Amino acid sequence: MRKRRKRPIIKTHKKLTDMLADKKLDDPSSLRSKTISMETSNKQEKTKKVVGELSPVMHVMVNRVKKLLGDPMDLIVREFEFELEHKVTATLLFLEEMNDTQILNEFILSPLMSLSSHKQSSPVPVDHALHYIKQNALALGRVLDVETEDELVEGLLAGFSVLLVEGNTKGLKLGTTGGKVRGIEEPSSEVVIRGPKDSFTESIKTNISLIRRRVRSKDIRVEKFKIGEVTHTDVAIVYLENIANPLLVKEIKERIEEVKTDGLLESGQLEEFIQDETVTVFPQFLNTERPDVVIGNLLEGRVGIIINGTPFVLIAPAQFIQFFQSSEDYYMRYDISTFLRLLRFSVFIISLIAPSIYIALTTFHQAMIPTTLLFGIAAQREGVPFPAIAEALVMEITFEILREAGIRMPRAVGVAVSIVGALVLGQAAVQAGLVSPAMVIVVGITAVASFAIPSFAVATSARLLRFPLMVISSVFGFYGLTLALIVIIAHLSSLRSFGYPYLSPFAPIQTEDLKDSLFRFPIKKLFKRPEKLSKRNQTRTRPYSVKKKREEETTR
C-alpha cells in the first residue's frame, strides 16, 4: 500500500483558526467584542499621543523641565508678562553658556515686553498668542514649534532657547545659539608656505560656513545626522550633487545611519565605525583641518564628513597617493610640485626600510658594502657587544619615547627635552659603546624622514611597520625584506575605501588619472576629474593655450 503523506499540522491549525474567526464574525456578540476592542485601541492611541505633550500650566511645565535636566545651575528661567487681549504670562528657558544673551535681550525679551493691546488692530486671544508672537513680535530668523517634552529638552541641550506661554500646549524653539567658541586660526597640523591660512574649528556651523564661502554653487548639498544615544553629536556630509557619484553618497549615508553608540567625540571614532577594513595599519580616510583641501576633493567627486566638536574633517573615499600630496602643490609650479611629491614618496620608503636595510647589510650581505665603508663600519662595531638588531630596536624605541615625551610635555619644555635628549643620549650611547655611530646616523635619518611626510596617519603606519621589517631583516636578510614588501604591496592592492581601489590610479592603471599622482601635470592639462569618482561630470578644465591665442591675435 502507498503511504499517504501526512499533512503539516501548522497549515491545518491555521485553517481551523480562520474558520473559527469567520464564525465569530457572524455572531453579534463577537461584533460587540470587536467594537469594544477597537474603542479600547483608539483610547490607547489617544493616550499615547497625549503622553509627552506640554502642559498648559506654566509652573508645572517648568518643574518638569527642571526635573528632567536634574535642576542644573545654568538653566535660566525668565518669567515676564505682556499684553494681548489681557495680560499674558510667559517663560523663557535657556542654558546660560550655550546662548547669546545679547540676542535674547534685544530680539526676544525687549519686543515681547513692549507689546501692548493698543498696538493690535483687534484683540488676540490667549490660545492664538504663540502664532501672533511668531509672526509679529520675534525678530529672529529661526523659530520652530515645540510640541513635546522631548523636543523641548533636546532643543535646550542643543543651544536653543524655548518660549512657553501660559494656557498653550505648544512652545517656540528660538535660534539663539551662541556662547564661547574658538575662533578661526591658522592650521597647526598642516602648515603651508603658500595658500589660505584659515582652518576649521570645533563648531560644525562655522565649518559649513567656511565651505559655503568658497563654493557659491547651487549644487552643493549639506545633509545632517545625529549620532550617539547620549551625546547626540551633529554630523554633516558635504558634496556637490552634479559631480559626486550618487551611489557613493548613498553608501556613506547608510553607513553613518547604522552607527549605534553612546557617544561620538571625534572624527577618528566615526572613521573606525564606517571604514571598509579594520585589520590594517593604513588610513582609509583623509583627514584635514584645511577648508581648501576639502573643497579641492569635493571638486573631484569626493564627500566631506564634518563632526561637531572637532576641527578635523574626513574625506572619503581616500587613495594611497593622496597622503603624499599637499594643498600647496596646486599653488606652485607643476615642476616644483612634482619634485616635492617624489621627495615625499622617497622619504616614506626611507622611513619604512632604512633600518632594515642597514641590519640586512651588516648581518648577512657584507659583500654588497664597499670595502672602505665596510672596514669603517667594522671598526665602529668592534666594541659594541650587541648585534645590529638589538642596536636598532634600542635606538628606535628610545627615539619613539623622546618623540612622545616632546608631544605630551608643555610646549616651552617639550622642544628642548626632545632635542637635548636626542643629542645627549645618542652621544652618551656611542661613547659608552652600546651603539655604533653608523646606527645613530641611520636612526636619525629615519626619524627626520618620517616628519617630512604630509600625512601624520601614513607616517604612523611607517613607524608601526618599521619594527616587524627590522626583525624579518635580522632573520632572513634581503630575501625576507623583499618578501615582506611584496606582502605589504599585496595588502595595499586588496584595500578598498568605500569600494574604490586604494592604490588607484596605479592598480588598476588609469592613464588619465596618472597626470595628478606622483607627477603633477600643468593645471591646463588636467582636463578630467578622477575616472572612478565622477562619472556624471568628468570635465573640469577646458583646453586653453595662451600661446595659440597670442599667435591668432598677431596674425590678425
Side-chain angles (χ1 to χ4, degrees), residues 279-282 320 323-324 342-403 422 425-427 429-453 458-495 503 506-507 518:
V279 187
T280 181
V281 297
F282 294 100
F320 185 64
F323 298 101
F324 303 99
L342 291 171
L343 180 65
R344 292 175 197 136
F345 191 75
S346 304
V347 155
F348 173 76
I349 300 298
I350 290 170
S351 66
L352 182 65
I353 63 173
S356 304
I357 290 175
Y358 177 80
I359 292 168
L361 286 173
T362 55
T363 306
F364 295 101
H365 310 286
Q366 294 89 350
M368 298 179 67
I369 306 174
T371 307
T372 308
L373 181 59
L374 180 61
F375 287 155
I377 293 173
Q380 293 173 11
R381 289 187 50 79
E382 188 177 357
V384 178
F386 305 110
I389 179 63
E391 283 185 86
L393 288 174
V394 169
M395 290 301 296
E396 287 290 345
I397 292 172
T398 303
F399 186 81
E400 293 296 333
I401 293 171
L402 288 172
R403 188 207 300 256
L425 288 177
Q427 185 66 25
V430 171
Q431 290 181 354
L434 298 176
V435 295
S436 61
M439 179 57 74
V440 175
I441 293 171
V442 171
V443 172
I445 292 173
T446 305
V448 173
S450 65
F451 288 116
I453 302 172
V458 168
T460 306
S461 302
R463 288 163 58 189
L464 291 174
L465 291 173
R466 192 185 303 153
F467 291 97
L469 289 178
M470 287 192 297
V471 175
I472 291 170
S473 299
S474 67
V475 178
F476 301 105
F478 274 137
Y479 300 104
L481 179 60
T482 305
L483 183 62
L485 290 176
I486 291 172
V487 171
I488 291 172
I489 294 171
H491 173 67
L492 287 171
S493 301
S494 68
L495 287 179
L503 281 186
F506 303 105
L518 274 180

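Since we're looking at a predicted model, the values are computed, not measured. Numbers here are sequence positions counted from 1.
- Separating the CZ atom in F399 from the OG atom in S450 is a distance of 6.0 Å, to the nearest 0.5 Å.
- By the side-chain hydrogen bond (donor to acceptor under 3.5 Å, both in side chains) test, H491 is found to be paired with T280, residues two or more places apart in sequence or in another chain being considered.
- Looking at L434 and V384, their side chains never come closer than 4.5 Å, going by heavy atoms from C-beta outward.
- Looking at E400, its side chain never comes within 3.5 Å of a backbone N or O of E396 through a donor-acceptor pair.
- R403 forms a cation-pi arrangement with F451, by the criterion of a distance under 6.0 Å to the ring centre and an angle within 45° of the ring axis.
- You'll find the side chain of I369 stays beyond 4.5 Å of the side chain of F375, heavy atoms only.
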Using side-chain contact (heavy atoms from CB on, under 4.5 Å), reason through L518 and F506 one step at a time and then give a plain yes or no. CA-CA 10 Å; L518 274 180; F506 303 105; 4.2 Å; yes
Validation: residues 470-486 side-chain donor-acceptor distances under 3.5 Å, sequence neighbours left out:
{"unit_1": "S473", "atom_1": "OG", "unit_2": "L469", "atom_2": "O", "d": "2.9"}
{"unit_1": "S474", "atom_1": "OG", "unit_2": "V471", "atom_2": "O", "d": "2.6"}
{"unit_1": "T482", "atom_1": "OG1", "unit_2": "F478", "atom_2": "O", "d": "2.7"}

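- By the ring-ring contact (aromatic ring centres under 6.0 Å, His included) test, F323 pairs with no residue at all, sequence neighbours left out.
- Closest heavy-atom contact between S351 and T446: O-CG2, 3.5 Å.
- Nearest heavy atoms, L503 versus S493: CD1-OG, 3.4 Å.
- A438 pairs by the side chain to side chain contact (heavy atoms under 4.5 Å, CB included) definition with Y358, Q380, S436, not counting sequence neighbours.
- Inter-residue side-chain proximity for P355 and R466 is flagged as met; some heavy-atom pair is nearer than 4.5 Å.
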Residue pair Q366, L361: steps toward the side-chain contact (heavy atoms from CB on, under 4.5 Å) verdict: CA-CA 5 Å; Q366 294 89 350; L361 286 173; over 6 Å; no
Could you go step by step and tell me if I397 and F467 meet the side-chain contact (heavy atoms from CB on, under 4.5 Å) rule? CA-CA 9 Å; I397 292 172; F467 291 97; 4.0 Å; yes
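- For the atom pair CE of M439 and OG1 of T362, the computed distance is 6.5 Å after rounding to the nearest 0.5 Å.
- Partners of R344 by salt bridge (Lys or Arg N to Asp or Glu O under 4.0 Å), not counting sequence neighbours, listed by chain and number: D329.
- Between T363 and I389, every side-chain heavy-atom pair lies at or beyond the 4.5 Å cut-off.
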Stepwise side-chain contact (heavy atoms from CB on, under 4.5 Å) test for F282 and V458: CA-CA 6 Å; F282 294 100; V458 168; 5.7 Å; no
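- Note on ring orientation: taking the six-membered ring where Trp is involved, the planes of F348 and F345 are tilted (angle from 30° to 60°).
- Rounding to the nearest 0.5 angstrom, the gap separating the CD1 atom in I353 from the CD1 atom in I359 is 12.0 Å.
- Take F364 and apply the ring-ring contact (aromatic ring centres under 6.0 Å, His included) test, not counting sequence neighbours, and it matches no residue.
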